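One structure below.
None of the values given here were measured: they were computed from a predicted structure.
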Amino acid sequence: MGIPIARLAERMNRVKIIAASVILWSLMTALCGIAGSFIALLVFRIGVGIGEAGLTPAANSIISDYFPPRSRARAIAIYTMGITLGGVLANAFGGPITELFSWREAFLALGVPGVLFGLIFLFTVEEPPRGYADPPTATKPQKWASPRRYRSYRANAASGSI
């Protein structure tokens, strides 16, 4: 779902895409805690994945418009570090919650706050104009080309698939 959502992020409001993605994956995480069957748990976990897939393309795009070229790498690196930090915090809090209560309460405790964060993001972050931080001499991006043309993309996709 990352590629179709990335295509939407090229044309639609990225703040709304990010907020919807965070709310979706957080809601699906919370629903995992009330899943009554394997199929329900599977569907909710797929929903988590779809929500997570929608975040990064829109986030990278909006970061590029908030930061000038000289500081984009640092901004994207900090964002990317947040993904790893989120996993660490989920394990740090999820494990003790599971020990105190159960795995169901852990899903609920980790999912519900994310819905609130998504709503806060939606109402507090402004959508910048596209190319806002680019210098006036910047060239417009070319039309989307097939990633199959790029050897580095194929190598990266293959290594990530193993």
Side-chain angles (χ1 to χ4, degrees), residues 1-67 71-128 130 132-133 144 147 153-162:
M1 291 301 296
I3 292 174
I5 296 171
R7 297 287 294 159
L8 288 175
E10 292 175 348
R11 293 183 291 280
M12 296 179 65
N13 185 305
R14 296 161 295 177
V15 171
K16 290 180 181 177
I17 291 172
I18 292 169
S21 295
V22 171
I23 291 167
L24 175 67
W25 107 51
S26 299
L27 181 63
M28 291 294 166
T29 298
L31 288 173
C32 287
I34 61 170
S37 68
F38 173 77
I39 297 298
L41 184 59
L42 176 66
V43 168
F44 297 147
R45 293 302 295 161
I46 290 170
V48 170
I50 292 170
E52 288 180 352
L55 177 64
T56 297
N60 283 335
S61 176
I62 208 166
I63 288 169
S64 294
D65 285 335
Y66 266 114
F67 294 90
S71 59
R72 280 184 193 152
R74 178 175 291 138
I76 290 173
I78 290 169
Y79 162 76
T80 304
M81 183 180 65
I83 296 169
T84 304
L85 183 60
V88 169
L89 292 174
N91 287 322
F93 289 104
I97 292 170
T98 300
E99 285 184 16
L100 287 173
F101 302 102
S102 76
W103 63 270
R104 291 181 180 278
E105 282 79 10
F107 275 117
L108 288 166
L110 294 173
V112 172
V115 174
L116 298 174
F117 287 128
L119 290 170
I120 291 168
F121 185 87
L122 178 63
F123 294 113
T124 60
V125 176
E126 291 185 32
E127 172 83 7
R130 299 202 184 254
Y132 180 72
W144 187 74
Y153 172 81
R154 290 191 311 263
N156 191 19
S159 67
S161 301
I162 297 175

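Residues in residues 73-83 take part in these side chain to side chain donor-acceptor pair (under 3.5 Å) pairs, two or more places apart or across chains: T56-Y79.
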Should L31 and I34 be marked as a side-chain contact (heavy atoms from CB on, under 4.5 Å) after you check the CA-CA gap, both sets of side-chain angles, and the distance that decides it?
CA-CA 5 Å; L31 288 173; I34 61 170; 3.6 Å; yes
Is there a side-chain contact (heavy atoms from CB on, under 4.5 Å) between D65 and R14? Walk through the geometry before answering.
CA-CA 11 Å; D65 285 335; R14 296 161 295 177; 2.5 Å; yes
Step by step, would you call E126 with V15 a side-chain contact (heavy atoms from CB on, under 4.5 Å)?
CA-CA 7 Å; E126 291 185 32; V15 171; over 6 Å; no
Could you walk me through whether F121 and V22 pass the side-chain contact (heavy atoms from CB on, under 4.5 Å) test, one step at a time?
CA-CA 9 Å; F121 185 87; V22 171; over 6 Å; no
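Of the inter-residue distances, the one linking W103 atom CH2 with L108 atom CG reads 9.5 Å to the nearest 0.5 angstrom. Between the CD1 atom of I97 and the CZ atom of F107 there is a distance of 11.5 Å, given to the nearest 0.5 Å. Taking CD1 of I3 as the start and CG of L8 as the end, the distance is 12.5 Å to the nearest 0.5 Å. Rounding to the nearest 0.5 Å gives a distance of 9.0 Å between CG of L116 and CD1 of I23.
When all heavy atoms of S26 and G114 are compared, the closest pair comes out as OG-CA, 3.1 Å. Residues G118 and A19 approach most closely at O-CB, 3.6 Å, considering heavy atoms. The two residues R45 and C32 have their closest heavy-atom pair at CD-SG, 3.3 Å. Here the closest non-hydrogen pair linking A90 and L110 is O-CD1, 3.8 Å. Nearest approach of I50 to I5, heavy atoms of both residues: O-CD1, 4.0 Å. Taking each heavy atom of I17 and M12 in turn, the nearest pair found is CD1-CB, 4.1 Å.
At distances below 3.5 Å, at least one donor-acceptor pair connects side-chain atoms of R72 with backbone N or O atoms of S64.
Residues forming a side chain to side chain contact (heavy atoms under 4.5 Å, CB included) with R104 (at least two apart in sequence, or on another chain): S102.
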